[in-house]
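For the single chain, residues carry numbers from 1 onward in sequence order.
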Amino acid sequence: MPRIRSRFRAVPAAAAVVAAALLLTTCASEPPAADGEIIAEISCAGMDPLGGDAGPRAGAVPDGFEPVAVVRCLPFQTVEDDDGVWSVVARERLEGDLAPLLAAQSSPDDPPTAGPCAAIMAIAPQVWLTDAGGRGILIRYPADACGQPKVDVIGDALAKLDVVRTDEEQRVLAQPRAAVEAGCDATWASQPLQLATVEDLGASSPGGAQALPAPTPGVTAIPWSPPRAPAPGEVDALTLCAYSTDAAAQPRATPAPDATAEVRVTVGGTAWFTGTRRLDADETRIVLDAVAHAQPLPARCDGEPDALVVLHAGGGSAPITVELDGCRRLVIDPLSTYEASPELIDLLAD
């Protein structure tokens, strides 16, 4: 494995705040008197980092379980090496006086409030107690009056422990080195964003176009012009970033040699980076001429391409997206969709 030049970047003690559609960890829902479920081996890579899976039951320390240390799972870490930037699932071992942590997880939930609560939910970091044999039980987070896990209560107790070891359990190549150096995104949308016209919006309303909402009194609209693609002659070079929607192009998780599980996530509507090259002045002129004289699509097409390229001029200009197959759309400015000419596709597919 290549030598990693950077250290793990620890996530903040506060949990990531996400939309209410995500589930709370099971920690906050268990009564203080319930014993935690003992698992034979702790695997950070095999757990849903957002707490969406049912997982083992969190709770009090069962009889016969002697905790000697804490294991904290750290998803969404990054490390960088010669291959690029990796998204890493890390695992910390913490040791010290466990009494404050045991007291914190045993504290009761706050009584439910009848007042308003924020329309968000907090995802608490996965924290385990482990015994000398490597078995584990999931720490229970007491809940506040809104049912949110008290992340700070557990976090303050963890801060009194010492991190004695950090291991990497799983990694995914998030940004290949070639993409980083070329300034290409690691992924690109496999279909362009298409907005409905005013006429389309009006036709969907019983009153037609006049049924559109009127401006709000006292609110002033601020004019905004989206970035545009360069015109012919404005730039003499373009960076080409190539992408594929083939599942084989999607980076796969690489578990550590001693990991017992891994997480695979299927992502839809995404094309993955496959390569890059620089277009010279002649190629750039051909591309920008084709963009300037592009014709509308003869008919609406909603298919997904197998391959596409994105052209960047830099300087805040809009990218140019060209689908090499399928609908063969040419997307510029960045919501205008046209037809890519066969000559343009032949040039960019080389």
Chemist: If I take atom OG from residue Ser106 and atom CG from residue Leu101, how far apart are they, to the nearest 0.5 angstrom?
Modeler: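 Reported to 0.5 Å precision, the distance equals 9.0 Å.
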
Chemist: Going by side-chain heavy atoms closer than 4.5 Å, which hydrophobic residues are tied to Val180, directly or by a chain of links?
Modeler: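 Cluster partners of Val180: Val85.
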
Chemist: Would you say Ile345 ends up clustered with Ile332 if hydrophobic residues are merged whenever their side chains have heavy atoms under 4.5 Å apart, either directly or through other cluster members?
Modeler: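 Yes, same cluster.
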
Chemist: Report the residues that fulfil side chain to side chain donor-acceptor pair (under 3.5 Å) with Glu343, sequence neighbours left out, ordered by chain and then residue number.
Modeler: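 Glu343 satisfies side chain to side chain donor-acceptor pair (under 3.5 Å) with no other residue.
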
Chemist: Would you find a donor on one side and an acceptor on the other, under 3.5 Å apart, between the side chain of Arg91 and the backbone of Ile42?
Modeler: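 Side chain of Arg91 to backbone of Ile42: a pair is present.
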
Chemist: Asp131: what forms a side chain to side chain donor-acceptor pair (under 3.5 Å) with it, not counting sequence neighbours?
Modeler: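 Scan of Asp131 (side chain to side chain donor-acceptor pair (under 3.5 Å), adjacent residues dropped) gives Arg135.
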
Chemist: Kindly state each residue pair satisfying disulfide (SG to SG under 2.5 Å) with at least one member in residues 79-114, sequence neighbours excluded.
Modeler: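 Disulfide (SG to SG under 2.5 Å) check on residues 79-114 returns no pairs.
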
Chemist: Given the rule in the salt bridge (Lys or Arg N to Asp or Glu O under 4.0 Å) test, do Asp109 and Arg140 qualify, once you have shown the distances and angles that lead to the verdict?
Modeler: CA-CA 11 Å; Asp109 296 344; Arg140 170 192 170 272; 2.4 Å; yes

Chemist: Can you name the residues that form a salt bridge (charged side-chain N to carboxylate O under 4.0 Å, His left out) with Glu283, not counting sequence neighbours?
Modeler: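 Salt bridge (charged side-chain N to carboxylate O under 4.0 Å, His left out) check on Glu283 returns Arg277.
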
Chemist: Is the backbone N or O of Asp81 less than 3.5 Å from a side-chain atom of Arg177, with the two atoms forming a donor-acceptor pair by type?
Modeler: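 Pair found, side chain donor or acceptor close to backbone of Asp81.
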
Chemist: Is there a side-chain contact between Ile139 and Ile154 in this structure, where contact means two heavy atoms from C-beta onward sitting under 4.5 Å apart?
Modeler: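 Sidechains of Ile154 and Ile139: in contact.
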
Chemist: If every non-hydrogen atom of Lys150 is compared with every non-hydrogen atom of Tyr141, which pair is closest and at what distance?
Modeler: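 Answer, listing the atom of Lys150 first, then Tyr141: O-CD2, 3.8 Å.
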
Chemist: Between Asp302 and Arg300, is the closest basic N to carboxylate O distance under 4.0 Å?
Modeler: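 Salt bridge present between Arg300 and Asp302.
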
Chemist: Identify each donor-acceptor pair in which a side-chain atom of residues 309-323 lies under 3.5 Å from a protein atom, sequence neighbours left out, and give them as a table.
Modeler:
{"residue": "Ser317", "atom": "OG", "partner": "Gly314", "partner atom": "O", "Å": "3.0"}
{"residue": "Thr321", "atom": "OG1", "partner": "Trp188", "partner atom": "NE1", "Å": "3.4"}
{"residue": "Glu323", "atom": "OE1", "partner": "Arg328", "partner atom": "N", "Å": "3.4"}
{"residue": "Glu323", "atom": "OE1", "partner": "Arg329", "partner atom": "N", "Å": "3.1"}
{"residue": "Glu323", "atom": "OE1", "partner": "Arg329", "partner atom": "NE", "Å": "2.9"}
{"residue": "Glu323", "atom": "OE2", "partner": "Arg329", "partner atom": "NE", "Å": "2.8"}
{"residue": "Glu323", "atom": "OE2", "partner": "Arg329", "partner atom": "NH2", "Å": "2.8"}

